Protein chains: 2
Amino acid sequence: MTKTATDSDIQALSASLERLVAMVRRLTPPSAGLSLTAASTLRSLELSGPCRLSELASAQGITQPAMTQLVTRLEREGYVHRGGSPDDARVVLVNITASGRALLHHRRQARTEALHGLVDLLPAADREAVFAAVPALNLLAELGQTDDRSRNR
Amino acid sequence: MTKTATDSDIQALSASLERLVAMVRRLTPPSAGLSLTAASTLRSLELSGPCRLSELASAQGITQPAMTQLVTRLEREGYVHRGGSPDDARVVLVNITASGRALLHHRRQARTEALHGLVDLLPAADREAVFAAVPALNLLAELGQTDDRSRNR
DNA sequence: TATTGTTATACTCTATAACTATA
DNA sequence: TATAGTTATAGAGTATAACAATA
């Protein structure tokens, strides 16, 4: 029946996303050691392997200087490592360390536990609706990631 | 069939939420004028009406001094107003201004437009799964909000 | 000359500790 | 003495502009 998305559908989704962001922020606040951008950058490195600094910056939607500083902090804490490229001496290849992987693992466990507590409070029907939507939500998030808004920096 | 949530369900949801947060951050970056906390605080004021500074702080999961400063910035920009309580002279009641409401409205429009672009790229089945999950996601977010973790500050 | 990354500088956002004013 | 909020100070996180090194 829902052939195309109506504005009111989109607005409801948008409002829901706003609330979910607030929830996630409370589940793993920056006080837990990593800012949202720092955590997201680590995750990205975990998936991609060694990655250029400029690619990391555009993937996170922040500027190159901001990523330089973030990587400097992450390197100081031992979560990433800066290496050079054999092909191009200008390039810096950033990679996640074992310690960085361990940190991600720990954060995921903590959040999973907290989420478990919340999800268990949901009525069964709602719980199933949420899980049923996970693949679609992943697709949506992926589209948002590869969308080239703010690539032009 | 899904009687209780399995760990792998929860982990998939958790990972999905991480990606959605990254997407939302790119849709309305802090460069658009308001940080996530600032926007969330305004939204909260829009819903609740005049609110004590300490309540705002605990609702957002930040400290009282951080909220003092955020409210100072928002007041300087004209988005909120500080008033006293007639009952208790220690209390500050913060309220949103017409300008603050207008800002929220504008941001919502911008995000809704951007989301529309993404949602239209989803296959119809995924689109419907997302919309079908919205009420459940709202409920989940609400549980996360009223959950009293990090109330003890 | 263009690209990759860093440095310099400034502002937001957050925390903890110490303080003021009121209850 | 306890509570509501502010001030002081420090550090993370971000931006823009100017720079160095390499292609």
Side-chain angles (χ1 to χ4, degrees), chain A residues 21-22 25-26 28-42 50-95 103 150-153, chain B residues 21-22 25-26 28-42 50-95 103 150-153:
Chain A
V21 169
R25 281 183 58 241
R26 300 199 58 186
T28 47
S31 21
L34 286 184
S35 71
L36 284 178
T37 308
S40 179
T41 300
L42 273 186
C51 184
R52 297 164 62 136
L53 200 136
S54 49
E55 281 177 39
L56 285 178
S58 81
Q60 298 302 323
I62 67 175
T63 60
Q64 232 177 36
M67 185 53 76
T68 289
Q69 294 177 50
L70 173 55
V71 167
T72 299
R73 287 189 296 270
L74 290 173
E75 193 177 31
R76 189 205 313 149
E77 303 296 328
Y79 300 137
V80 305
H81 173 256
R82 261 190 178 91
S85 164
D87 304 336
D88 185 334
R90 295 171 302 180
V91 167
V92 167
L93 289 179
V94 184
N95 202 3
L103 178 64
S150 79
R151 275 280 190 273
N152 47 354
R153 307 207 180 196
Chain B
V21 169
R25 281 183 59 241
R26 299 198 60 187
T28 47
S31 23
L34 286 184
S35 71
L36 284 178
T37 310
S40 179
T41 300
L42 272 187
C51 185
R52 296 165 64 135
L53 200 136
S54 48
E55 281 178 38
L56 285 178
S58 80
Q60 298 302 322
I62 67 175
T63 59
Q64 229 177 38
M67 186 52 76
T68 289
Q69 294 178 49
L70 173 55
V71 166
T72 299
R73 287 189 296 270
L74 289 173
E75 194 177 30
R76 189 208 310 150
E77 302 296 328
Y79 300 138
V80 305
H81 174 256
R82 261 189 178 92
S85 164
D87 304 338
D88 186 334
R90 294 172 302 181
V91 166
V92 167
L93 290 179
V94 183
N95 202 2
L103 178 64
S150 81
R151 273 282 189 274
N152 45 353
R153 305 210 180 192

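Treat the numbers as computed from the prediction; the structure is a model and nothing was measured. All chains are named by letter (A, B, ...) in the order of the sequence lines, taking the proteins before the strands, and each is independently numbered beginning at 1.
Protein atom CD of B:E75 is 17 Å distant from nucleotide atom C1' of C:dT12, rounded to whole Å. In this structure, CZ of B:R73 is placed 14 Å from P of D:dT7, rounded to the nearest angstrom. One can place CD of A:Q69 at 13 Å from P of D:dT16, the figure rounded to the nearest angstrom. Between B:E55 atom CD and D:dG5 atom P the separation is 9 Å, expressed in whole Å. If you take CG of B:L34 and C1' of C:dT14, they are 17 Å apart, rounded to a whole angstrom. The CG-P distance, from B:L36 to C:dC13, rounds to 10 Å in whole Å. Summarising the geometry, the separation between CG on B:L53 and C1' on C:dA21 is reported as 15 Å, rounded to the nearest angstrom. In this structure, A:Q60 atom CD and D:dA15 atom C1' are separated by 17 Å, rounded to whole Å.
Distances shorter than 4.0 Å separate some side-chain N or O of B:T63 from OP1 or OP2 on C:dA15. Taking 4.0 angstrom as the limit, B:T37 places none of its side-chain polar atoms (N or O) nearer than this to OP1 or OP2 of C:dC13. For B:S54 and D:dG5, the shortest distance from a side-chain N or O to OP1 or OP2 is below 4.0 Å. Residue B:R76 places no side-chain N or O under 4.0 Å from the OP1 or OP2 atom of C:dC11.
Residue B:L42 comes nearest to B:L103 through the heavy atom pair CD1-CD2, 4.1 Å, listed as atom of the first residue, atom of the second, then distance. The minimum heavy-atom distance linking B:G84 with B:L93 is given by the pair O-CD1, 4.2 Å. In terms of heavy atoms, A:A38 sits closest to A:L74 at CB-CD2, 4.3 Å.
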Under 3.5 Å donor-acceptor pairs involving side-chain atoms of residues 50-57 of chain B, not counting sequence neighbours:
none

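With contacts defined as side-chain heavy-atom distances shorter than 4.5 Å, the pair A:T41/A:V94 does not qualify.
Shown here are the side chain to side chain donor-acceptor pair (under 3.5 Å) partners of A:N95, two or more places apart in sequence or in another chain: there are none. Among residues two or more places apart in sequence or in another chain, the side-chain contact (heavy atoms from CB on, under 4.5 Å) test is passed with A:A66 by A:I62, A:T63. In terms of the side-chain contact (heavy atoms from CB on, under 4.5 Å) criterion, residue partners of A:A39 (sequence neighbours excluded) are, by chain and number, A:L34, A:R107. Residues satisfying the side chain to side chain donor-acceptor pair (under 3.5 Å) criterion with B:T68, sequence neighbours excluded, are absent altogether.
Note that the two end axes of the helix from C:dT1-D:dA23 to C:dA23-D:dT1 enclose an angle of 10°, each drawn from 5 base pairs, rounded to 10 degrees.
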Could you go over nucleotides 21-23 of chain D and give all protein N or O partners under 3.5 Å, atom names and distances?
residue	atom	partner	partner atom	Å
D:dA23	OP1	A:A89	N	3.0

Got a list of protein N/O to nucleotides 17-20 of chain D N/O distances below 3.5 Å?
none

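Within the structure, salt bridge (charged side-chain N to carboxylate O under 4.0 Å, His left out) pairs that include any residue of residues 69-78 of chain B comprise B:E75-B:R82 (at least two apart or interchain).
Both A:R82 and B:E77 sit near DNA chain C, but only A:R82 has its closest nucleotide nearer the 5' end.
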